[in-house]
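The structure appears below as C-alpha cells.
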Amino acid sequence: MAFSLRFFFLFLAASLFLPPSDSCHPTDKEALLHFKLKITSDPSHLLLSWNSATDCCSSWDGVACDSYGRVTNLTRPGIVSGIDFIADTYMSGSLSPFLGNLSSLQFLDLSNLKDVSGRIPFEFGKLSRLTHLFLDSNKLMGSIPRSFGRLFRLEKLYLGNNQLSGIIPSSIFEHFKCLSELGLSGNRLSGPIPSSIGKLIQLKNLDFHANNFSGSIPRSIGKLTNLRYLDFSENELTGRIPTSIGGLSELVLLYLNQNKISGGIPSSVSGLSSLIFCRLSENQLSGRLPASVGKLAKIQRLILENNKLSGKLPSSIGRLTTLTDLFFANNRFTGKIPKTFGNLENLQTLDLSRNSLSGGIPHQLSKLQRLQSLDLSFNPLGLRSIPNWFVKMKLFRLLLAKTGIEGAFPKWLSSSSISVLDLSANRLTGPLPHWIGNMTNLSFLNLSKNGFHSTIPAEFKNLLLLMDLDLHSNHFTGCLDNIFSKGVQDPLGHFNSIDVSHNHFSGCIDENVGDRVAMSSIKSLVLSDNELEGEIPTSLSELSELHVLDAARNKLSGEIPAELGNATELTTILLSKNKLCGRIPAEVLNLQKLWKFDVSENKLCGEIPPHKTHFPASAFKHNRGLCGAPLPPCKHS
C-alpha cells in the first residue's frame with residue numbers, strides 16, 4: 001500500500017513538471033477545419049494536409065503553434081515562392097467566422113487567393129493578439145467590420161484589391177497605436193478619409209489608391225511624421241492640399257494623382273526633404289508653382305502634368321540635381337524655359353508640352369547628356385529651326401510638334417540615334433531627303449501637317465525598326481510601294497499604323513500589300529484623300545490584325561473583294577467617294593467586330609445584304625443601283 005501511494009505521488013509530481021503539450025488545441029483545430037469546410041475549390045491542394053486525424057500544429061501546412069498548442073500563424077497565400085520557383089494559385093469559397101476563435105493568432109495571411117468572396121467576418125475583431133493581417137487580392141465585399149477597432153496590436157493591415165465598399169468608421173483608427181502599414185487600395189470604399197487617421201502615429205506606409213474616397217485630405221495627415229509612402233491617387237478627393245503636408249519630412253513617395261484636388265501647391269512642400277517620387281498629375285491644381293519646390297533635395301520624379309498651373313517656371317527647379325524625370329505637360333505655364341534647367345545633370349525625361357512657353361530653347365540644355373526624352377510640343381516657342389547643338393545630345397525621343405519650325409528637314413538628324421521623332425504641325429517644306437534611310441533607329445515618325453512635297457525615297461526601305469508612320473496632310477506624291485515594302489528586323493519593324501491621308505499619292509495599291517513582311521501586324525491603315533487608282537487588293541484579307549481600313553476619297557475602282565471578310569479584326573471600313581462598283585459582299589458587311597462602315601458616293605448596285613449591326617443610311621447613299629435596308633426597298637420586276 002505504501003509503495004502504491006509513493007508511486008502515485010511520484011507520478012503526480014512528475015506530471016506537474018512536464019512541459020506543456022504542443023498538440024493542437026481542439027478549439028483551434030475546429031476553427032481551421034471549419035475554414036476548410038467553407039473552401040469550395042482548392043486546385044493546388046493548399047489545404048490537403050489539413051486532416052482531422054492529424055495534429056494541426058505538427059502536420060498541417062501553413063499552420064504554426066506556440067508551446068501550448070495554440071495556433072499563432074496561419075499562412076495560405078495564393079502566391080508562394082521558393083529559392084527557384086514562384087507558384088500562383090487560387091482558392092474559392094468564403095472566410096469562416098470560426099477563425100475568430102484562434103485567440104492566440106498573431107499572423108494571418110490569406111492574400112492573393114483571388115476567388116475568396118463574401119464578407120470579412122465580424123468575429124475577426126476577436127483576434128486581439130493579431131499583429132499582421134493580409135486579406136488582399138481576393139473578392140471580399142461589404143464594409144470593413146467595426147470590430148477591427150479592437151485589433152489594437154495590429155502592425156500591418158492589407159485589404160487591397162477586393163470589392164470592399166462603404167465608409168471607413170473613424171473609430172477604427174482610434175486604437176491602432178502600433179500600425180505601421182495600411183493598404184486599402186483597389187476597392188470601392190467611399191466617403192471622407194477620417195481625420196482620426198492622424199492618430200496612426202507609427203504609420204509608415206499608407207495606400208488608399210483606386211477607391212471612391214471624397215472630401216478633402218484631412219489636415220491631421222501632417223501628424224504622421226513617420227510616414228514614408230502616401231498614395232491617395234485615383235479617388236474623388238477635392239479641396240486643397242493641406243499645408244500640414246510639409247511636416248512629413250520622412251516621406252519618400254507622394255501620389256495624389258487622378259483626383260479633383262484644386263487650389264495651389266503649398267509652399268510648405270519644401271519640408272518634404274526626403275521626397276523622391278511625387279505625382280500630383282490629373283487634378284485641378286492652379287496658380288504658380290512655388291519657388292520652394294527647389295528645396296526638394298532628393299526628388300527624382302516630379303509629375304505635375306494635366307493641371308491648370310500657370311505663371312513662369314521657377315528657376316529654383318535648376319537646383320534639383322537628383323531629378324531624372326520632369327513631367328509638366330498640359331498646364332498653363334508661360335514665359336521662357338529657365339536656363340537653370342541645364343543644371344539638371346541627371347535628367348532623363350523632360351516633358352513641357354502643351355503649355356504656353358515661348359522664347360526658344362536655352363542652349364544650356366545641351367549639357368543634359370543623360371537626357372533621353374525631350375517633349376516641347378504645342379508651345380509657341382517660335383523656333384524656326386532646331387538648334388544645331390541638338391546633335392551633341394543622345395536623345396531617344398524628340399517631340400517638337402507645333403513649335404514654329406520652318407524650312408527643310410534638319411540635316412543633323414541623319415547622324416542621330418533618335419527612335420521617336422515628332423515634328424508634326426510645323427512649316428517644314430521641301431523633299432523628304434534620301435538620307436532619311438540613315439535614321440535606322442526610327443520606330444515612330446510623325447511629319448504630318450507640314451509642307452513636304454516629294455516622292456518617298458527608295459532609302460526609306462532601310463528603316464527596319466519603323467512601326468508607326470504618320471505623313472498625313474502634306475504634298476507627297478508618287479506611289480506607296482517604298483513604304484509597304486520596307487524591311488524589318490525581326491521581331492521589330494512590323495508596322496502598327498500608317499497614315500498617309502491628305503496627300504497626292506497616286507497609282508495602284510500594291511496587289512501584294514497584304515503579303516509584305518512589314519505589313520503583317522498592322523492595325524490601322526489610313527490612305528484617304530489621295531489619288532490612288534485601281535482595285536482594292538484581295539491580299540488585304542491576309543492582314544489578320546487590321547482594325548481600321550480607310551481608303552475614302554480616292555479613285556479606286558472595281559468591286560469590294562469578298563475576301564476582305566477574312567480580316568476578322570476589322571472594326572472600321574471607310575471606302576466612300578471612290579468609283580467602286582458591283583455588290584457589297586455579305587461577308588464584309590457581317591464582319592463580327594465591324595461597327596463603322598461607309599461606302600457612300602460610289603457606283604455600287606444590288607441589294608444591301610442583311611446585317612446585324614446598325615449602319616446609317618448615309619453610309620450607303622449616292623449609289624444609284626443600291627437598295628434595301630437601310631435604304632428604300634428594292635423594286636423587284
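Computed from a prediction, not measured in an experiment: that's the story for all the values here. Throughout, residue positions are numbered sequentially from 1 according to the sequence presented.
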**Message:** Checking E531 now: which residues fulfil salt bridge (charged side-chain N to carboxylate O under 4.0 Å, His left out) with it, not counting sequence neighbours?
**Reply:** none
**Request:** Report yes or no: is the cationic atom of R301 (NZ for Lys, CZ for Arg) under 6.0 Å from the centre of the six-membered ring of F277, at an angle within 45° of the ring normal?
**Result:** no
**Asked** Got a sec, which residues hit side chain to side chain contact (heavy atoms under 4.5 Å, CB included) with N623, two or more places apart in sequence or on another chain?
**Response** N602, L604, L626
**Request:** Identify, with sequence neighbours excluded, every residue that meets side-chain hydrogen bond (donor to acceptor under 3.5 Å, both in side chains) alongside H434.
**Result:** E459
**Item:** Partner residues of D529 under the side-chain hydrogen bond (donor to acceptor under 3.5 Å, both in side chains) criterion, sequence neighbours left out
**Value:** H502, R553
**Pairing residues for N138 by the side chain to side chain contact (heavy atoms under 4.5 Å, CB included) criterion, not counting sequence neighbours** = L113, V116, L140, N162
**Prompt:** Which residues satisfy the side-chain hydrogen bond (donor to acceptor under 3.5 Å, both in side chains) test with S541, sequence neighbours excluded?
**Reply:** none
**Message:** Both conditions, 6.0 Å and 45 degrees, for the charged tip of K461 above the ring of F484: are they met here?
**Reply:** no
**Prompt:** Does a side-chain heavy-atom distance below 4.5 Å link T429 with N450?
**Reply:** no
**Request:** Please list, chain by chain and in numerical order, all residues satisfying salt bridge (charged side-chain N to carboxylate O under 4.0 Å, His left out) with K555, sequence neighbours excluded.
**Result:** none
**Set of side-chain hydrogen bond (donor to acceptor under 3.5 Å, both in side chains) partners for D481, sequence neighbours left out** = none
**Sequence neighbours excluded, every pair satisfying ring-ring contact (aromatic ring centres under 6.0 Å, His included) that has a member inside residues 504-533** = H475-H504
**Prompt:** Any disulfide (SG to SG under 2.5 Å) pairs touching residues 448-526, not counting sequence neighbours?
**Reply:** none
**Complete:** Sequence neighbours excluded, the answer for salt bridge (charged side-chain N to carboxylate O under 4.0 Å, His left out) partners of D510 is R516
**Request:** Kindly write out the residues that satisfy salt bridge (charged side-chain N to carboxylate O under 4.0 Å, His left out) with K411, not counting sequence neighbours, or none if the list is empty.
**Result:** none
**Message:** Once you measure the plane-to-plane angle for F597 and F620, does it fall in the parallel (<30°), tilted (30-60°) or perpendicular (>60°) bin?
**Reply:** tilted
